[in-house]
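Source: prediction; values computed, not measured.
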Amino acid sequence: MSVSPRVPTVENDSIEDRLYTVKYDDPGDSHLDVKVPGFCAERCESYDCVSVCPADVWRAEDGGVPTIAYENCLECGSCRFACPYNNVSWEYPETGSGVSFSHG
Amino acid sequence: MTETPNYDGKFDAIVVGAGLAGSAAALSMAKRGLSPLVIERGTSPGTKNVFGGVLYTPTIRELVDLDDAPLERYVAEKRFSMLSEADETALSLRPGEWHDEPHNDSFTVLRGEFDEWFAERAVDAGATLLTETTVTGLLRENGRIVGVGTDRPDGRIRAPYVVLAEGGNSLVTERADLKERESRDHVAVAVKEVLEFPAREGVIEDRFRLTDDAGAAYNYFGEGAVGEAFGGGFLYTNDDTVSVGVAYRLSDAAASGQRPEETLNRFKSHPAVAPLVRDARTVEYSAKTIPEGGIESVPDLVHDGAVLVGDTAGLVLNNGVHLEGTNMAVESGVHAGAAIATAARQGRTDAAALSGYPSALSRSFVVENLERYAWLQEAAVADRELLFAELPRAVADAGAEYFRMDRDSKERHADRARERLLDAVGGYTGAAKLAARYRKVIA
Ligand SMILES: Cc1cc2nc3c(=O)[nH]c(=O)nc-3n(C[C@H](O)[C@H](O)[C@H](O)COP(=O)(O)OP(=O)(O)OC[C@H]3O[C@@H](n4cnc5c(N)ncnc54)[C@H](O)[C@@H]3O)c2cc1C
Ligand code: SF4
Ligand code: SF4
């Protein structure tokens with residue numbers, strides 16, 4: 001008998017494949033932004049927007065202001081609450097565009 | 001009041017959001033002879049919504065006939081499980097009566113389907129639904145809320161009452177200064193996958209020991225579920241899919257530096273969870289935030305011309321043992337709709353005329369439950385290291401010790417098990433303190 005049984009391997013999709021499972025209608029313009037780029041570049045050290053985002057929208061950049069791949073956004077709201085400087089500018093994509101879940 | 005606002009008179013009320021609270025409010029008003037307009041930003045109700053989850057139905061079934069509703073399974077088993085990195089200790093409840101109607105008013109659902117169905121029932125009752133339209137702000141006249149602005153051309157719509165049912169990410173309500181942005185200590189981030197098992201029929205029934213429409217709701221706590229964070233994992237069975245996810249406090253997510261999707265991967269790979277979710281295909285990945293500030297975070301519910309319902313009003317009970325928001329959303333929508341109907345009969349729109357809503361809510365299970373558990377979350381946060389890290393390990397070790405099979409006496413084993421537990425909680429004094437602190441969970 002084996003001492004430690006094999007834990008079945010769970011195949012987890014990459015974030016790209018995961019995001020591929022939801023429908024998006026590109027609003028054309030970013031519904032997300034930073035209010036004051038200077039806060040990100042000079043004051044912020046934690047980049048919490050990057051750590052909490054479940055869709056890899058926020059990406060830390062060397063220049064200090066994160067880039068925003070808004071097309072991936074799942075509209076969860078996490079970045080808006082998480083930013084310690086309340087520096088996330090967050091709108092809903094217009095007229096129902098953005099993400100659509102079929103199960104939810 | 002100096003002037004009567006210029007209502008266009010087409011609708012008696014505008015509901016912002018066709019989620020559970022919004023559709024419940026619309027139904028409640030329509031049944032009382034009013035004609036509400038429901039504005040939803042999604043292409044159809046539900047396309048923007050995500051939850052665990054289990055729909056709790058004691059109020060909704062008074063409003064609509066659930067026989068035709070897209071319910072997935074009734075909850076026949078609730079299972080609470082503590083995970084350390086390597087161990088699981090679980091408590092499973094399968095009361096026979098849950099198999100009988102009304103199945104303890106607990107059903108798994110998928111919101112994409114359910115919310116659309118529920119909104120259609122409001123339309124059947126006389127409500128008007130406008131989709132693909134985002135409310136961008138509130139219109140005011142002399143301080144009174146008299147309608148909404150939308151992102152449609154010429155998108156201003158006036159009505160005597162506005163019901164704010166926009167969920168927990170309450171952009172409109174915040175911008176109108178009717179609510180403050182919730183602190184990240186009181187918001188959880190949740191990620192979820194809907195899984196299917198293409199290999200063969202009957203996988204869900206076999207893995208979760210289910211027959212027919214019976215379903216399971218598994219909740220997980222401890223460091224094996226979400227690491228050091230305050231929160232947990234969940235597994236719910238749908239008809240032919242399983243919902244799996246994690247939800248934990250945003251401030252912890254920020255501090256951990258671990259992406260939510262990575263936390264989900266680790267939870268799914270736990271030795272006690274992996275056998276349940278292996279060989280699955282991800283049908284959908286989703287994410288959402290949960291307001292969990294409890295009663296302290298509930299803002300003023302009525303204003304001149306407006307009411308707040310559901311998650312917008314912070315009406316979610318999320319204390320580790322219960323995660324309930326669907327029942328509170330519907331209950332609040334019903335009472336708000338009734339209060340608006342009463343005020344409308346008097347021809348009044350001021351906050352005082354709507355006070356029937358907050359007073360009905362305080363008498364209901366909603367406020368009673370939120371008040372009752374206000375202390376629990378704080379206590380649990382304070383004892384986090386003990387509850388989520390130490391205890392799952394200690395309980396697993398004590399169990400292993402108690403049932404150890406060797407040539408020592410049972411008494412020795414019991415002694416060692418007790419020592420391990422007492423060690424974790426700080427001796428008899430610590431145990432007594434803990435028992436006193438958490439006795440109210442069941443007492
Ligand atoms: C991961 C997770 C798991 C959960 N699990 C459970 C569970 O198992 N059981 C349970 O009872 N509760 C659970 N909850 C809580 C429950 O989902 C909520 O309490 C409930 O959905 C609240 O309903 P609501 O109608 O207030 O808000 P929502 O369901 O969020 O609905 C808000 C609606 O308003 C629309 N909207 C928002 N802004 C605008 C705008 N500006 N203009 C137009 N439309 C707008 C949205 O598109 C949406 O349709 C869970 C929540 C989460 C996030
Ligand atoms: S957390 Fe806020 S301040 Fe920091 S980088 Fe992100 S948006 Fe900028
Ligand atoms: S709303 Fe959610 S998914 Fe969208 S960018 Fe913010 S954290 Fe990421």
Item to check | chain B contact via A:C49 - which portion, at a heavy-atom distance below 4.5 Å | outcome: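 Contact with chain B: none, neither part.
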Next on the checklist: Under 4.5 Å from any heavy atom of chain B, what part of A:D17 do you find: side chain, backbone, both or neither?
Outcome noted: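 Nothing of A:D17, per the 4.5 Å heavy-atom cut-off to chain B.
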Checklist entry - After noting the C-alpha distance and the side-chain angles of A:E75 and B:R41, does the key distance pass the salt bridge (Lys or Arg N to Asp or Glu O under 4.0 Å) rule? => result CA-CA 12 Å; A:E75 295 163 36; B:R41 68 189 188 90; 2.8 Å; yes
Non-hydrogen side-chain atoms of [X] and [Y] separated by less than 4.5 Å:
X	Y	result
A:D56	B:R259	yes
B:N169	A:W90	yes
A:S102	B:E284	yes
B:L171	A:Y92	yes
A:D13	B:E261	no
A:F81	B:S183	no
B:H270	A:V7	no

Checklist entry - Just checking heavy atoms, which of residues 235-254 of chain B are less than 4.5 Å from chain A? => result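 Answer by number: B:L250, B:A253, B:A254.
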Checklist entry - Can we say B:R175 and A:E91 salt-bridge, meaning some charged N sits less than 4.0 Å from an Asp/Glu carboxylate O? => result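 Salt bridge flag = yes for A:E91 with B:R175.
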